[in-house]
> 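Just passing along the structure, written as structure tokens.
Since the structure is predicted, the reported quantities are computational estimates derived from the model, not experimental observations.
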Amino acid sequence: MDILTHIFAALPHVFAPMVVASMVLGVIIGITVGALPGLSATMAIAVLIPLTFAMDPLVALGMIAGIYNGSMYGSSIPAILLRIPGTPAGIATVFDGYPMSQQGHGKLALTISLVSSTFGSGLSAVALIALAPPLAALALKFSPADYFWLAVFGMTTIVVLLSDNPVKGFLSACFGLIAGMVGIDPLTGAERFAFDNLNLLGGIHIVIMLTGLYAIPPAIDLAVSGIARSASKLPKQEKSRDFRWLPLLPVWIKSSVIGIIIGIIPALGGNVAALLAWNEQRRSDKDSDRYGKGAPEGVAAAESANNADTSATLIPALTLGIPGSAVAAVILGAMLVHGLQPGPELFEKNTNIVYGFMLAMLISSAILFIIGRLGARAFINVLKVPPLLLAPMILCMTLIGAYAIHNSMFDVFLMLAFGFIGFGMERLDIPTTPAVLAVILGPMAEESLRRALLISGGEFGYLFESVISWIIICTTLVTVFAPLIRHWLGKKSES
């Protein structure tokens, strides 16, 4: 009952005209930032903080909530229409979103993404409001060994389930693991694979690799083909009203739960949530061959999990002062600027503001739906641009985005190098997704394994002591061997 009392007390504050206006403006900024490759919610919020000094704390936090939710959906726009993940979390949306737009269902894919984003972010906000303390306690139970097995689970399943040829998927993952080791060793501080180049000491930025592998190859294809495409030849766009939405409800619920759980675990984030949710949806579907070829459920799973991460990652940040992601860390900085100290005292001394912020995360997800519906017609017009114009436009966007990350031309050349590697991988039918996921999860697996061995004094048995570890191990084994067993039983029944 205390939660309901605090919610009702905060409602008049969060529905104040200035707070609502700040949320609307934040959503618009967030969608724009998310749609531009190389830009992120972290950067947008960091730029915003100095501008909020004179604002009321709830007005500033309302705008931050809008930017956060808006950017998560915004990344799906270039992912679906141009095969460019606007943010790392948009990579899973590319798998089925881009094929749908190529089949003439781009507007439908954007609508599914929007509804899924709204559902995921809304459910995540409800979890933030109702379940913050117990869920934060659950996240703290994860040991380094549990993190290691979670990373292994993510990499193993994506190699087995996503690639038609597991050997090629394994090669791609190995490439990603090598790329993820570039830079400074996180535990010893030693230089690894940097070749005395200062630009590589900080490692390979995930957005550089993402943009290179996913944006440059289609731009090369468009430039090489050189065939202008008139708007009249575009496939007729399917109307959303002709689509059955009810079958997506279980997908939204399951994927949102995955996103919430992943969100409260520090250092994972929406990219891992989206990939795991997409994997789980493909694994559990009887017709798994549809995925990666334009399955609406794939878009729904990726986007609902991606957006369910937003509020969930704030649970340990607000209740314990432990930021679960870079965005959460920046948001904590914004709160400190306004005299708000994250932690248990925040809920006692600043009740109206903290509950108002949590409600703003919920309300801004509804605002996102309205603005997204209004902008869908404008977004789809990207497909009407002839390829001869679209190819240089994509290249310009990627070059600007790569340069903006560190204001470095080295990043631009590195992105182009990854682009040609991605182009070659596509020609050899080697999937690029395992490489990207290995760059994300590889360092986490390495660091967690080494921490676990340091804690245990070099005893590998420590990796198998936790109940959580065994749950993840068993889930990994089931995910890996279930398709093989199903294939074997199918052959046996045929014979």
Side-chain angles (χ1 to χ4, degrees), residues 88 135-159 170 173-196 198 200-206 209 261-269 271-273 275-276 309 312-313 315-317 319-329 332 342-343 434-477 479-480:
L135 287 179
L138 174 65
L140 291 178
K141 292 184 181 295
F142 272 68
S143 67
D146 301 329
Y147 279 114
F148 168 72
W149 288 117
L150 188 64
V152 171
F153 168 73
M155 288 187 288
T156 306
T157 53
I158 199 77
V159 167
F170 179 75
C174 289
F175 169 62
L177 288 173
I178 293 172
M181 293 177 68
V182 174
I184 299 294
D185 186 307
L187 294 185
T188 65
E191 178 184 317
R192 301 190 305 188
F193 303 108
F195 307 105
D196 294 324
L198 294 177
L200 291 175
L201 289 180
I204 296 174
H205 199 286
I206 182 62
M209 187 172 181
I261 294 173
I262 294 297
I264 63 174
I265 301 174
L268 293 187
N271 43 15
V272 177
L275 286 164
L276 291 182
D309 168 79
T313 195
I315 291 173
T319 57
L320 302 172
I322 302 173
S325 66
V327 183
L332 289 190
V436 174
L437 188 61
V439 169
I440 297 170
L441 294 181
M444 186 182 82
E446 180 200 5
E447 185 175 349
S448 300
L449 175 62
R450 292 168 66 183
R451 287 186 186 279
L453 293 177
L454 283 173
I455 292 171
S456 64
E459 293 291 332
F460 281 89
Y462 175 73
L463 298 174
F464 303 93
E465 292 181 359
S466 167
V467 175
I468 297 175
S469 291
W470 274 109
I471 292 174
I472 299 173
I473 292 170
C474 292
T475 305
T476 304
L477 293 175
T479 304
V480 171

> Given Tyr462 and Ser143, is the side chain to side chain contact (heavy atoms under 4.5 Å, CB included) satisfied, shown in steps?
CA-CA 10 Å; Tyr462 175 73; Ser143 67; 3.9 Å; yes
> Of the non-hydrogen atoms in Gly176 and Met209, which two are nearest, and what is the gap between them?
CA-CE, 4.5 Å
> Examine distances only and state if a side-chain atom of Glu191 and a backbone atom of Asp196 form a donor-acceptor pair shorter than 3.5 Å.
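Judged by distance alone, yes, a pair lies under 3.5 Å.
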> Could you check whether any side-chain heavy atom of Leu449 comes within less than 4.5 Å of a side-chain heavy atom of Leu463, counting everything from C-beta outward?
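Contact flag for Leu449/Leu463 side chains = yes.
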> State the CD-CG distance between Glu465 and Asp146, to the nearest 0.5 angstrom.
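Glu465 atom CD to Asp146 atom CG measures 10.5 Å (nearest 0.5 Å).
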> Rounded to the nearest 0.5 Å, how far apart are CZ of Phe153 and CG of Leu276?
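Here the interatomic distance stands at 5.5 Å.
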> Output the distance between atom CG (Leu200) and atom CD1 (Ile184), rounded to the nearest 0.5 Å.
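That separation rounds to 10.5 Å.
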> So which heavy atom on Val439 is nearest to which on Ala179, and how close?
CG2-CB, 4.0 Å
> So which atom in Glu459 and which in Leu453 form the shortest heavy-atom distance, rounded to 0.1 Å?
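Nearest heavy atoms, Glu459 then Leu453: O-CD2, 4.0 Å.
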> Side chain to side chain contact (heavy atoms under 4.5 Å, CB included), that's the test. Do Ile472 and Thr475 meet it? Break it down for me.
CA-CA 5 Å; Ile472 299 173; Thr475 305; 5.6 Å; no
> How close do Leu177 and Ala438 get, heavy atom to heavy atom, and via which atoms?
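What the structure gives for the nearest pair is N-CB, 3.7 Å.
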> So, for Ser448 and Phe148, which heavy atoms are closest and what is the spacing to 0.1 Å?
CB-N, 3.7 Å
> Looking only at heavy atoms, which two atoms of Trp470 and Phe464 are closest? And how far apart?
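Looks like NE1-O, 2.6 Å.
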